[in-house]
There are 2 protein chains.
Amino acid sequence: MAKNLIQSFESGHIYSKQQKNVLIVYAHQEPKSFNGALLRKAVETLEADGHSVEVSDLYAMHFYPISGRTDIVGSVRDESFFKYQMETKSAWQNGTLSDDIKVEMEKLKRADLVIFQFPLYWFSYPAILKGWIDRVYVMGFAYGGGKLFSDGPLKGKRGMLSFTTGGTGAAFCDAGMFGDMNVLLWPLQNGMLRAVGLDVLAPKYTMLLRMSVTMTGSSGWMTGPNVSITYSKNRLSSLWTFPTLQTRSCQTNI
Amino acid sequence: MAKNLIQSFESGHIYSKQQKNVLIVYAHQEPKSFNGALLRKAVETLEADGHSVEVSDLYAMHFYPISGRTDIVGSVRDESFFKYQMETKSAWQNGTLSDDIKVEMEKLKRADLVIFQFPLYWFSYPAILKGWIDRVYVMGFAYGGGKLFSDGPLKGKRGMLSFTTGGTGAAFCDAGMFGDMNVLLWPLQNGMLRAVGLDVLAPKYTMLLRMSVTMTGSSGWMTGPNVSITYSKNRLSSLWTFPTLQTRSCQTNI
């Protein structure tokens, strides 16, 4: 009891020293990109802090992003009228999901924190990353049966978006042409992270990335000072103690 | 001159009787689905009205949704540091884009109206449809050089989302767990439709679709009355005269 009280009092400190499992789901074609540099920075920093990091490098893995019949091995419940949601739920229960989905599910189960690292494509995830969500978030495993938000199956884990944009901050303000970034991120943060139970950390994003040779150099973003400025050790080492975003957690009838 | 004045005065009427080209980009695995039924209803109604309809049935086409090196045929400008946006812009200019992208671009160029028909997956397009956007909206062709929104390269065309949800209307209200549908649709309607110059028609969506046998029957949604209720001839025949949504069209510096 006394030990519990002390831990509670100093929870932030103790928590930050525990070894944690991190999954980084990464979607960029080019290792020399700024996204690639951020990925490496995150892996190095988190590992130096004693954490265990797994990376799902979707392009390098040739991750298949199309949800469909091939997600189920063997027969389905109704071959004549394919219902993706119900069939994959059933396949998850029966252990007949495609192996590539099972592997990602195991990574998710192990993870205490999931970081999504990607360039913003048309105000959202690139398709290959959206496909990871569509296929891995199987009904029963990630949601369903009334389990959503604060009662979601992935509760107790943390989630964070880390992304880059080509547009300026001004374009992503309320009066800007793309609108408020918080509005753009709502379906991703509330819908894709919080809905399955993840506690959402403030997003990390870098704006106005242009691919000019002047800015990147022939070796890309690998060694530039921008990476350290953008993704500081302080930020990465405090992911465990950062407060999470206050997002909607009410339960209404769906 | 006199002819022009008459056309101007009666523009809505004359416009609605002209033969138009419609492109429907459709993303569902199962023809018997409600989405499949809506697709057929739209094709039948629009063709009966004398319009020409093309369908990109992404699942049936096995549309490849991953943006990357294979989108360019032959050599690229910098093989050692692949920059997707710049390389595809260059390939578009040089005619070296992958054929499957060129085919979709031609459909877009012919279209007076583009309808996106899909089930809402995690508050957005399914990955295969997001991949269509990511790959077909090439810089130079669909945006870039300051051409965005009211000056976007696809200006003069109309765009509309037509989709289904599993959740109720209550869940998609401001106080509901998913938040206001208008907020969820902002990145899609302002970002993916309006940003490239399309005039945005009010979305058509059907909520609370559950895949129970009771509701669908063994033949699926193909013959059910719900389809006609949801997607009335009146709605489909008035797409040319419907006012478009007032969305942001300001130009700020990006």
Side-chain angles (χ1 to χ4, degrees), chain A residues 29-30 32-33 59 62-63 65-69 80-86 119 121-135 137 148-149 166-168 170-171 173 175-179 183-184 186-188 190-192 195 211 216 218-220 248-254, chain B residues 29-30 32-33 59 62-63 65-69 80-86 119 121-135 137 148-149 166-168 170-171 173 175-179 183-184 186-188 190-192 195 211 216 218-220 248-254:
Chain A
Q29 306 95 346
E30 173 56 61
K32 288 182 181 173
S33 65
Y59 281 97
H62 300 286
F63 184 78
I66 304 175
S67 50
R69 174 65 182 85
S80 71
F81 185 1
F82 183 72
K83 305 173 191 78
Y84 183 73
Q85 192 179 41
M86 299 309 293
Y121 276 11
W122 296 100
F123 315 102
S124 189
Y125 296 154
I128 197 169
L129 181 45
K130 183 55 168 51
W132 190 92
I133 298 285
D134 289 351
R135 296 181 68 228
Y137 278 16
L148 272 175
F149 294 97
T168 64
C173 288
M177 67 167 72
F178 302 141
V183 172
L184 290 172
W186 171 261
L188 284 69
N190 186 67
M192 297 179 180
M211 292 290 101
T216 58
S218 60
S219 60
R248 198 179 306 268
S249 63
C250 67
Q251 289 283 354
T252 63
N253 175 35
I254 63 156
Chain B
Q29 307 94 347
E30 172 57 62
K32 289 181 182 173
S33 65
Y59 281 97
H62 301 286
F63 184 79
I66 305 175
S67 49
R69 175 66 183 83
S80 71
F81 185 1
F82 183 71
K83 304 173 191 78
Y84 182 73
Q85 193 179 42
M86 299 308 293
Y121 276 12
W122 295 101
F123 315 102
S124 189
Y125 295 154
I128 197 168
L129 181 46
K130 183 57 168 48
W132 190 92
I133 297 286
D134 289 351
R135 296 181 68 227
Y137 278 15
L148 272 174
F149 293 96
T168 64
C173 289
M177 66 166 75
F178 302 140
V183 172
L184 290 172
W186 171 260
L188 284 70
N190 187 65
M192 297 178 181
M211 291 290 102
T216 58
S218 59
S219 60
R248 197 180 306 269
S249 64
C250 67
Q251 289 282 356
T252 63
N253 174 34
I254 62 157

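In what follows, chains are A, B, ... by sequence order, proteins preceding strands, each numbered from 1. Model, not experiment: these values are computed from the prediction.
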Are any side-chain N or O atoms of A/Q29 and backbone N or O atoms of B/S67, one a donor and one an acceptor, separated by less than 3.5 Å?
->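 Yes: the side chain of A/Q29 pairs with the backbone of B/S67.
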Measure from the side-chain N and O atoms of A/K83 to the backbone N and O of B/S33, and report whether any donor-acceptor pair falls under 3.5 Å.
->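 Side chain of A/K83 to backbone of B/S33: no pair is present.
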Which portion of A/Y84 sits near chain B, non-hydrogen atoms under 4.5 angstrom = side chain
Looking only at non-hydrogen atoms, find the nearest pair between B/M177 and A/N190 and report the distance.
->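 Of all heavy-atom pairs spanning B/M177 and A/N190, the closest is O-ND2, 3.1 Å.
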Closest non-hydrogen atom pair, A/F63 against B/I66 = O-CD1, 3.7 Å
With a 4.5 Å heavy-atom cut-off, do A/F178 and B/F149 have their side chains touching?
-> yes
Could you pull out every donor-acceptor pair under 3.5 Å between side chains of residues 122-131 of chain B and any protein atom, sequence neighbours left out?
{"unit_1": "B/K130", "atom_1": "NZ", "unit_2": "A/Y121", "atom_2": "O", "d": "2.7"}
{"unit_1": "B/K130", "atom_1": "NZ", "unit_2": "A/Y125", "atom_2": "O", "d": "2.9"}
{"unit_1": "B/K130", "atom_1": "NZ", "unit_2": "B/D134", "atom_2": "OD1", "d": "2.7"}

A/E30 side, atom CD; B/R69 side, atom CZ - distance, nearest 0.5 Å | 11.5 Å
